[in-house]
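The structure under discussion appears below in the form of structure tokens.
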Amino acid sequence: MRTLNWMVSATLLLSLSAVAQNAADNQPTSQPATVSTSTQAPTPDPTQTSAQPQAAPAQPVAAPAPNAQPVAPQAGPQPTTMDQVVDRFVLREKGLVKMLQTRTPVIETYLQNLTLDPALGPVPQNDKYFLGRMDLSTTIDRKDYIHDDVSMEKHLLGGFSKLFKVQYQPLGFSWMIFADRNDFDRQHYDFRYVRREFLGDVRCLVFDVTPKPKSGQGRFLGRVWVEDQDYNIVRLNGTYAPRPRNAYFFHMDSWRLNLIPGYWVPAFIYSEEGDFSAGAKNALAFKAQTRIWGYDLKKDGASDELTNIRVDSVQDDSATAQDASPLAAERQWQQQAEDNVVERLTRAGLLAPEGELDKILQTVVNNIEITNNVDLPRPVRTRVLLTSPLETFSVGNTIVISRGLVDVLPDESSLAMALSHELAHIVLGHNLGSKYAFNDRMLFSDEATYENLGFKHIPEEEAAADKKAIDMLKNSPYAQKLDGAGLFLKALNTRAGALNALLTAHLGNNMTEGAAVTRMSGLMTSAPQIDWNKLDQIAALPLGGRVKLNPWDDKVELVKSQPVAITSARDKMPFEVTPFFPRLTRTGTTDGTNTNGNAANTAPSAATTADNTKPAN
Ligand SMILES: [Zn+2]
């Protein structure tokens, strides 16, 4: 009975018709509480040369202390002319630059170089992965988690240098969070009003932006969408021009989300180059997704470490309290290591805080446990790694699965497959990571996480876990649906050669070796053949279709977007990168008076302006 209940809830939550395309519906799940104590008068911007009314719109007052919640700027008088609107969003952009000076968000870029497949269209040929932490204090700088010997030159603004071969510059993708960090103003740009347009729930004014002649290289050229309440830029679409010799600037579509009152913070950037029309010769063709999160993370190594030390009450009132037995001590030791690792990964911006998605994952794990009479001394927990590469690992009784992997899994049985492998490690006692119970091993910079933590098993344990996992699945509610899991692995097998970066696990074991799937490969033999032209056969999903990540607080949840019907083999895009189209929505209010984030959760569109006419698109 209990099993059935678990099953039903998991199936309801996960009855994911496997056709979800496009990016998440990015309505924020929660917002940080804001403190709005500032009563200071707005500071006029000295760089502003055009005549400003005295009651100029406020900028955020004084640089906030590191990681204090940003104070929503006071709303100024509504602009009455388009020139005033331009002045306003130029000012708000400076306010955003200033607010982000104390932030060090994580930035991830996943890029697929493309080749033309006659049947499937442009498909991945090979891929690249960058993960870094931005420092926005004086310019746009970054430190990377993954070190690639060749591509770390930082002097080019964007794009890549063409030395001997195409070389991508991760910093170029970081650059795309702003149109122009330092010089976005009337001295350097012409602004032309185009029209009004809705993006999601948010009515926007659209402006074309062109650099003035001789204003220098690498200026923004394109279009910006400005929301019509506070006049923040919410979307930038275009490129940078003119380009320096030996470098290119990519085209980009850069989206921001209103996650805290008064500010729209950069969240997603889609880049694409290439032309597959007849006769076109591609110097390069690629698609890339850049995601930014971890805005609310503590600065690494900051001196606030000491102030954070709390002395918790440790008194044990139980009458039977006594020293732990050797086995109990061993288990406590494992748990200490597990807690250390989970805490450290969360602090490094790599692990989502415990949340709604974990409940779904835990339900799937429970379904397997109960039907196999698995009885562990402590319950198994699950957490979501925030990164795209497909990987799972476990530490103590915590199973970790990456956001990218949850994204591409087509159904619940495939999810059960991914989780069962780690559950098998736990059941078999393949405990890794007890060395992390020593706290000195947690003392490293966030960017050095991958050098300092690792949970790779030896091949013998991998084989044993695969065998145990398949046995458990065959005895679980998923027994009759394992074709789906096998089909997923087959699809992975067809793309494995091209997706080396996506399939490189950074903390756990790879699911593939060379161009072949090794993880639970036994499930592939009984699965049906991959048939791209069979439109109802969905073996794997595109990236980004499943998990919604809040870039401010790193919380994740499942996307509830409407499935889009697949009409050709080219619509399937397994493991592929697609553009972002987040549904923009406002969070709370920006007048700074006692904003309560929870209110906006139940009525996300409550703050839209009176004109509720929805756009045609
Ligand atoms: Zn394993």
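As the structure lists them, so they are numbered: ligands from 1, and atoms in each ligand from 1. Quick caveat, the model's predicted, so the values are computed rather than measured. For reference, positions follow the sequence shown, starting with 1.
- Annotation: W552 is in aromatic contact with Y295 [ring centroid separation under 6.0 Å].
- Taking the six-membered ring where the residue is Trp, the centroids of H506 and Y129 are separated by under 6.0 Å.
- In this structure, E513 does not pair ionically with R519, as no charged nitrogen and carboxylate oxygen lie closer than 4.0 Å.
- Using modelled atom types and a 3.5 Å distance limit, the side chains of T398 and E338 yield a donor-acceptor pair.
- Here H457 fails the criterion, with no N, O or S atom under 2.8 Å of the Zn ion (ligand 1).
- Draw a line from the Zn ion (ligand 1) to NE2 of H421 and another to NE2 of H425, and the angle between them is 100° (to 10°).
- Restricting E462 to its N, O or S atoms, the one at the least distance from the Zn ion (ligand 1) is OE2.
- At a cut-off of 2.8 Å, H430 is not counted among the residues with an N, O or S atom near the Zn ion (ligand 1).
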